[in-house]
Amino acid sequence: MKEKLSFTQLISLSLMLFALFFGAGNMIFPPAMGLSAGSHVWTALAGYIVTDVGLPLLAITAVVFANRSLTTMVGRAGKKFSAFFIVLIYLLIGPLFAIPRTGSVSFELAVMPFLGESSHVSLYSVIFTALFFGAVYVLSANPNKIVAIVGKILTPILLLSIFIIGISAIVNPIGPVGQPVGTYESIAFFNGIIEGYMAMDALAASIFALIVIENVEAMGIQSQRNIAKYTLLTGILATIGLAVVYGILAYVGATSGSLGQFSNGGQLLAAVAHHLFGTTGMLILGIAVLFACLTTAIGLTTACGDYFSDNYTKLEYNHVIIAVCLFSFLVSNIGLTQLLNITLPALLMVYPVLMALVLASFLNRWFQDRQPIYAGILIGAACVSIPNGLESLAANYNIQITALSDLLQSIPFYQLGLGWVIPAIIGGIIGAVVSAVHNKA
């Protein structure tokens, strides 16, 4: 019985997981954050790492501890909630937001800079995204090859492209580090936490953990202890890699203020690449973005296909990935900026609930799977996160909901993006009381 992975196998798994995580959002949010944070870039980066490195690693660990089952972890709050929340996660990291974003970011950075003043941008977008999601479908139709395709081929090309741009920007700085703007001047760390939501990695982490586990088992590891060990090692190595790359990209953004103002991090990166290397730089960036987005889209499409075909017997894997690719193709053509305006409100609703669930999972030794406690914690978090998301959505379209905003501002830590914490704790206490009363009855 084989119970040890070789160093090469472990690195391949880690590169695979890194590439699955490192998609569209991971390329564009750190530099945009760095530009806004300016001299407070490292403080903001620390907050970003909490939610986009630390939380994904905690999510992977929580899945491993929950008998390597996402259903077990989420199901502690109830079967109906489990079914709803897991489907919601797959839809958010799948065809609703994350997968379409890979297509729109790829187009904006790999194609649009070379179109000049063309009046046919929409047509080119449709053609490109059709080819992009066609490739995603073809590669996702062979999920057993994901380690070979992603870990051994695409990720090294991706990393090389990123480091060429990043190291060049460090050796030859574009300009001095700028001054922080807006709330980055006073609460850069907490702004970084909110920015970390946008990459959606904590949502994807619980799904990607299952992919790693399947590949560890496919490599011949059968001991439950060793499966858990190698899954956690893979997660640690991959998230360390993410933190290093985020640092490079955030620094690039912090020193690029002289290049102008940008509506999203994609445009900023394009300007940086052009400044450093001209047309060649744009080509290097285009390759990096294309491979980053392609690898993430493959992993997410595969995950959606596996989940829905395994849990809903009337759905076949191939039919699911066709539907995912077609729907993602349609959504990706609404434009990156518009897609980002919708994404953040949705994540503000869901992320606190997920964070509460993951953190509560580490206390299960004391909670002992008692459903009322988990339900209370999640309801408490949702009571703040859902109105927060609605407020953000309204603000994106210049709609003011004064009464809702005033109520939310009165909640402790709300301005720091942590308004859900106290209600979640109160909900957990109420759940514990309900559980105790029910047990005595």
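All values derive from a computational prediction rather than experimental measurement.
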Asker: Where do F132 and S332 land on the side-chain contact (heavy atoms from CB on, under 4.5 Å) test, with the steps shown first?
Answerer: CA-CA 11 Å; F132 179 88; S332 68; over 6 Å; no

Asker: Say whether, by atom type as modelled, one donor and one acceptor occur between the side chain of S435 and the main chain of G431 under 3.5 angstrom.
Answerer: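 No, the answer is negative, given that no donor and acceptor are paired below the 3.5 Å cut-off.
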
Asker: Mind listing the closest non-hydrogen atom pair of Y374 and S361 along with its distance?
Answerer: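 Closest approach of Y374 to S361: OH-CA, 4.0 Å.
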
Asker: What do the steps show when you test V320 against Y317 for side-chain contact (heavy atoms from CB on, under 4.5 Å), and what is the final call?
Answerer: CA-CA 5 Å; V320 173; Y317 176 84; 5.8 Å; no

Asker: Look up atom CG in L15 and atom CG in L10, then write down how far apart they are to the nearest 0.5 Å.
Answerer: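 Rounded to the nearest 0.5 Å, the CG-CG separation comes out at 9.5 Å.
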
Asker: About how many Å separate CG of L13 and CG of N215, when rounded to the nearest 0.5 Å?
Answerer: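 One gets 6.0 Å once the value is rounded to the nearest 0.5 Å.
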
Asker: Does a side-chain heavy-atom distance below 4.5 Å link E195 with D52?
Answerer: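 Answer no - side chains too far apart.
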
Asker: Shortest non-hydrogen contact from A270 to M282?
Answerer: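 The answer is O-SD, 3.0 Å.
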
Asker: For Y230 and L233, run side-chain contact (heavy atoms from CB on, under 4.5 Å): C-alpha distance rounded to whole Å, both residues' side-chain angles, the deciding distance at 0.1 Å, then the answer.
Answerer: CA-CA 5 Å; Y230 284 119; L233 277 175; 4.2 Å; yes

Asker: Can a donor-acceptor pair be found, under 3.5 Å and without considering hydrogens, that links the side chain of T239 to the backbone of I236?
Answerer: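 Present.
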
Asker: For residues 403-426, dump all side-chain donor-acceptor pairs below 3.5 Å to protein atoms at least two apart in sequence or in another chain.
Answerer:
residue	atom	partner	partner atom	Å
S405	OG	E391	OE2	2.8
S405	OG	I401	O	3.1
Q409	OE1	Q415	NE2	2.9
S410	OG	L407	O	2.5
Y414	OH	N388	OD1	2.8
Y414	OH	E391	OE1	2.4

Asker: Would you check if the side chain of S206 reaches a backbone N or O of A59 as a donor-acceptor pair within less than 3.5 Å?
Answerer: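 No; zero donor-acceptor contacts below 3.5 Å.
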
Asker: Does I86 reach the side chain of N311, with side-chain heavy atoms less than 4.5 Å apart?
Answerer: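 Not touching, per the 4.5 Å side-chain cut-off.
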
Asker: May I ask you to decide if R76's main-chain N or O and D369's side chain share a donor-acceptor pair within less than 3.5 Å?
Answerer: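 Not a single qualifying donor-acceptor pair exists.
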
Asker: Are any non-hydrogen side-chain atoms of L96 and V331 less than 4.5 angstrom apart?
Answerer: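 Of all side-chain heavy-atom pairs linking V331 with L96, none is under 4.5 Å.
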
Asker: First locate atom CD1 of I321, then atom OG of S328, and finally report the distance between them rounded to the nearest 0.5 Å.
Answerer: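 That separation rounds to 11.5 Å.
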
Asker: Below 4.5 Å, heavy atoms only, C-beta onward: do T296 and F22 meet side chain to side chain?
Answerer: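 The answer is no, as the side chains (C-beta and beyond) never meet within the 4.5 Å cut-off.
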
Asker: Taking all non-hydrogen atoms of both residues into account, name the closest pair between T102 and A297 and its distance.
Answerer: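 The answer is OG1-CB, 3.6 Å.
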
Asker: Check the orientation of Y251 and W42. Use parallel for under 30°, tilted for 30 to 60°, and perpendicular for over 60°.
Answerer: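 Rings of Y251 and W42: parallel, under 30°.
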
Asker: Contact between P30 and Y48 at the side-chain level, heavy atoms closer than 4.5 Å - yes or no?
Answerer: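 Side-chain contact under 4.5 Å: yes.
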
Asker: How close do G265 and A32 get, counting heavy atoms only, and between which atoms?
Answerer: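 Result for this residue pair: CA-CB, 3.9 Å.
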
Asker: Before giving the answer on side-chain contact (heavy atoms from CB on, under 4.5 Å), spell out for F163 and I248 the whole-Å C-alpha distance, their side-chain angles and the decisive distance to 0.1 Å.
Answerer: CA-CA 8 Å; F163 278 104; I248 293 173; 3.3 Å; yes

Asker: Report the relative orientation of the aromatic rings in F128 and F107; use parallel for angles under 30°, tilted for 30 to 60°, perpendicular for over 60°.
Answerer: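 If you compare the ring of F128 with that of F107, the planes turn out tilted.
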
Asker: Which heavy atom of P113 sits nearest to which heavy atom of E108, and what is that distance?
Answerer: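 Closest pair (atom of P113, atom of E108, distance): CD-O, 3.2 Å.
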
Asker: Would you call L55 and Y351 a side-chain contact if the rule is heavy atoms closer than 4.5 Å?
Answerer: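 A side-chain contact exists here, since the closest heavy-atom pair is under 4.5 Å.
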
Asker: I want to check something: taking the side chain as every heavy atom from C-beta on, are L139 and L294 in contact at a cut-off of under 4.5 Å?
Answerer: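 They are in side-chain contact.
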
Asker: So, the side chain of T313 versus the backbone of D310: is there a donor-acceptor pair under 3.5 Å, distance only?
Answerer: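 The answer is no, because no donor-acceptor pair under 3.5 Å joins these two groups.
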
Asker: Can you tell me how far apart CG (L35) and CG (L268) are? Round to the nearest 0.5 Å.
Answerer: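 If I round to the nearest 0.5 Å, the distance is 5.5 Å.
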
Asker: With distance as the sole test, does T301 use its side chain to make a donor-acceptor pair with the main-chain N or O of I298 at under 3.5 Å?
Answerer: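 No, the answer is negative, given that no donor and acceptor are paired below the 3.5 Å cut-off.
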
Asker: Starting at CZ of F291, measure out to CE of M27 and round the result to the nearest 0.5 Å.
Answerer: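 Between atom CZ of F291 and atom CE of M27 there are 12.5 Å.
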
Asker: Are the side chains of F18 and V245 in contact, using a 4.5 Å heavy-atom criterion?
Answerer: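 V245 vs F18: side chains touch.
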
Asker: Relative to each other, are the rings of F84 and F81 parallel, tilted or perpendicular (30° and 60° limits)?
Answerer: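 The rings of F84 and F81 sit tilted, inter-plane angle from 30° to 60°.
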
Asker: Would a distance-only check, ignoring hydrogens and angles, find a side-chain to backbone donor-acceptor pair under 3.5 Å from Y137 to C325?
Answerer: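 Not confirmed, Y137 side chain does not pair with C325 backbone.
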
Asker: At what distance, to the nearest 0.5 angstrom, does CD of Q9 lie from OG1 of T234?
Answerer: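 Between atom CD of Q9 and atom OG1 of T234 there are 10.5 Å.
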
Asker: Are the side chain of R370 and the backbone N or O of F367 linked by a donor-acceptor pair below 3.5 Å?
Answerer: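 Present.
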
Asker: If I compare all heavy atoms of A209 with all of T231, which pair ends up nearest, and what's the gap?
Answerer: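 Heavy atoms only, the tightest pair is O-CG2, 4.3 Å.
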
